[in-house]
Amino acid sequence: MILANAFCLFFFLDETLRSLASPSSLQGPELHGWRPPVDCVRANELCAAESNCSSRYRTLRQCLAGRDRNTMLANKECQAALEVLQESPLYDCRCKRGMKKELQCLQIYWSIHLGLTEGEEFYEASPYEPVTSRLSDIFRLASIFSGTGADPVVSAKNNHCLDAAKACNLNDNCKKLRSSYISICNREMSSTERCNRRKCHKALRQFFDRVPSEYTYRMLFCSCQDQACAERRRQTIVPSCSYEDKEKPNCLNLRGVCRTDHLCRSRLADFHTNCRASYQTLTSCPADNYQACLGSYAGMIGFDMTPNYVDSSPTGIVVSPWCSCHGSGNMEEECEKFLKDFTENPCLRNAIQAFGNGTDVNLSPKNPSFQATQAPRVEKIPSLPDDLSDSTGLGTSVITTCTSVQEQGLKANNSKELSMCFTELTTNIIPGSNKVIKPNSGPRRARPTAALTALSLLMLKLAL
């Protein structure tokens with residue numbers, strides 16, 4: 001009998017301790033209600049299969065039609081619908097750039113998130129899934145064209161942008177789509193209309209969405225030592241049709257036009273998410289990811305907000321959409337801030353330079369040794385005549401051997417920003433969420449106290 005009681009006591013204590021230490025005991029707002037994100041098309045299908053979610057989604061869309069956020073939230077039905085949808089897969093859904101139903105996915109995303117913001121936000125969250133690849137991945141894919149083993153003095157004299165065009169001509173898909181947009185963008189419509197910009201933009205979008213990055217990046221971000229190379233780089237997107245216009249519109253007006261289109265709005269939000277200058281990272285880029293920034297920049301080409309190099313200077317990298325801040329009135333400060341995200345963006349500038357040099361930052365907290373460079377500003381130099389014809393012979397590559405910055409022997413940047421960067425790298429981010437959880441601040445599993453242990457030993461002694 002004593003042994004039976006002892007066994008029952010042990011079983012009871014074991015189950016008690018297991019329940020206290022189980023994951024179900026985790027609490028805290030960080031993990032409550034978290035769901036792995038799905039694409040918005042799939043999330044919409046899941047919602048449609050559930051009557052409560054489906055009806056609430058229809059209600060919310062009706063609430064958002066022609067109403068501002070305050071008016072919508074004042075309506076109890078609208079507020080109830082929003083609360084239900086915040087617990088559905090639709091709330092956390094994201095899209096993939098270039099996916100088959102990208103426009104439909106983005107329409108679903110903005111149908112919810114436009115009603116959640118308080119008026120016109122300066123920076124909007126990206127509706128796209130986060131980029132996890134790095135520039136080094138692009139270098140490996142492009143290694144077949146690399147100038148490995150080439151004399152660096154000879155390589156420096158080459159027109160890398162011309163080499164990139166030759167490499168594109170050796171790939172059937174790249175050659176076909178590049179020839180297509182060049183032809184469309186250079187086709188004069190009439191004496192008053194030099195081209196069909198809408199068709200030109202569409203052809204450019206197809207090129208940058210369907211051709212692998214190891215080709216498109218080399219044409220957009222090739223490094224240059226002379227003006228002829230820099231002018232070829234500037235001419236990559238046929239700016240006379242896709243970029244320039246008779247007059248420059250106000251940048252805030254241009255942004256307003258862009259945000260009326262779901263695709264353009266999404267690409268601009270993605271650019272701000274991945275290229276917005278950060279003073280808490282080593283490279284000035286969010287998460288120190290050059291690849292994410294360059295991909296977001298390329299993703300805006302072919303829309304109203306198309307950016308390009310402002311001149312053919314080989315030593316200074318300055319890009320901008322075709323707009324200015326003239327006529328901004330009392331919004332001039334906001335306009336200048338928007339424009340400087342392109343013209344004076346250290347993240348974007350460092351990313352373009354890193355790609356042109358064939359280097360990527362090595363994020364090793366033990367031995368940080370990367371110092372991002374800042375290109376000097378250079379006065380505008382008159383452009384050279386455009387020459388879009390390329391020979392098919394393959395010269396040396398634009399991309400040199402991919403080496404880490406540690407191998408280059410660059411000195412460490414022992415700044416305050418650097419220490420902040422590696423503090424940030426030790427945190428965890430829940431996928432699909434903006435919430436950051438520090439390793440020592442999250443919810444802990446409940447542990448048995450010393451008193452509970454002592455009590456269990458006392459009960460065991462009494463039982464025996």
Review point. When you check the side-chain N and O atoms of Ser296 and Asp270, is any donor under 3.5 Å from an acceptor?
Key: yes

Point to revise | Residue that, paired with Glu102, satisfies salt bridge (Lys or Arg N to Asp or Glu O under 4.0 Å) out of Arg267, Arg205, Arg94 | key: Arg267

Review point. How about Thr273 and Tyr128: does a side-chain donor come under 3.5 Å of a side-chain acceptor?
Key: no

Review point. More than 12 heavy atoms of other residues, nucleotides or ligands under 6.0 Å from CZ of Arg276: is that the case?
Key: no

Check your understanding: Taking the inter-plane angle between the rings of Tyr91 and His113 on a 0 to 90° scale, is it parallel (under 30°), tilted (30 to 60°) or perpendicular (over 60°)?
Key -> parallel

Point to revise | Cys251 and Cys323: CA distance, side-chain angles, deciding distance, disulfide bond (SG atoms under 2.5 Å apart) verdict | key: CA-CA 5 Å; Cys251 291; Cys323 65; 2.1 Å; yes

**Study point:** Among Gln227, Arg233, Gln235, side chain to side chain donor-acceptor pair (under 3.5 Å) partner for Glu231
**Key:** Gln235

Practice item. Could you pull out the closest heavy-atom pair between Asp304 and Leu254, with the gap in Å? Key: O-CD1, 3.6 Å

Practice item. Compare all side-chain heavy atoms of Asn196 with those of Ile184 and state whether any distance is below 4.5 angstrom. Key: no

**Study point:** Residues Glu334, Arg255: salt bridge by 4.0 Å N-O rule
**Key:** yes

Point to revise | Flag side-chain contact, heavy atom, 4.5 Å: Ser266 against Trp110 | key: yes

Check your understanding: Under 4.5 Å between any side-chain heavy atoms of Ile237 and Phe208, yes or no?
Key -> yes

Review point. Cys105-Cys40 sulfur separation below 2.5 Å?
Key: no

**Study point:** Test: Cys285-Cys347 SG spacing under 2.5 Å
**Key:** yes

Check your understanding: Does the Asn250 side chain pair with the main chain of His326, one donor and one acceptor, at a distance under 3.5 Å?
Key -> yes

Review point. Is a salt bridge present between Glu45 and Lys101, judged by a nitrogen-to-oxygen distance below 4.0 Å?
Key: no

**Study point:** Donor + acceptor pair across side chains of Asn274, Ser126 (<3.5 Å)
**Key:** no

Review point. Where do Pro321 and Phe342 come nearest, in terms of heavy atoms and distance?
Key: CD-CG, 3.5 Å

Exercise for review: Please work out which of the three classes, parallel, tilted or perpendicular, describes the rings of Tyr217 and Phe221, given edges at 30° and 60°.
Suggested key: perpendicular

Review point. Checking side-chain contact (heavy atoms from CB on, under 4.5 Å) for the pair Leu103/His262: CA distance, chi angles, key distance, verdict?
Key: CA-CA 7 Å; Leu103 180 57; His262 288 308; 4.3 Å; yes

Revision key, fill the gap. Of all heavy-atom pairs linking Pro89 and Leu46, the shortest is CG-CD1, 4.2 Å

Exercise for review: Would you indicate whether the side-chain heavy atoms of Glu244 and Asn308 approach each other to under 4.5 Å?
Suggested key: no

**Study point:** Arg234 side chain to Tyr309 backbone, donor-acceptor under 3.5 Å
**Key:** no

Point to revise | Side chains of Asn345 and Tyr297, donor plus acceptor under 3.5 Å | key: no

Practice item. On the 0 to 90° scale, with breaks at 30° and 60°, tag the Phe122-Phe338 ring pair as parallel, tilted or perpendicular. Key: perpendicular

Review point. So, Asp209 and Arg97, do they make that salt bridge, N to O below 4.0 Å?
Key: yes

**Study point:** Sub-2.5 Å SG contact, Cys185 and Cys200
**Key:** yes

Exercise for review: Kindly indicate whether the side chain of Val318, heavy atoms from C-beta on, has any atom under 4.5 Å from the side chain of Asp311.
Suggested key: no

**Study point:** Side chain proximity check, Tyr181 to His201, heavy atoms < 4.5 angstrom
**Key:** no

**Study point:** Salt-bridge present (Arg259, Glu124; N to O < 4.0 Å)
**Key:** yes

Practice item. Evaluate the pair Cys161, Cys224 and indicate whether the two SG atoms are within a distance below 2.5 Å. Key: no

Review point. What do you reckon, Cys275 and Cys293 SGs under 2.5 Å?
Key: yes

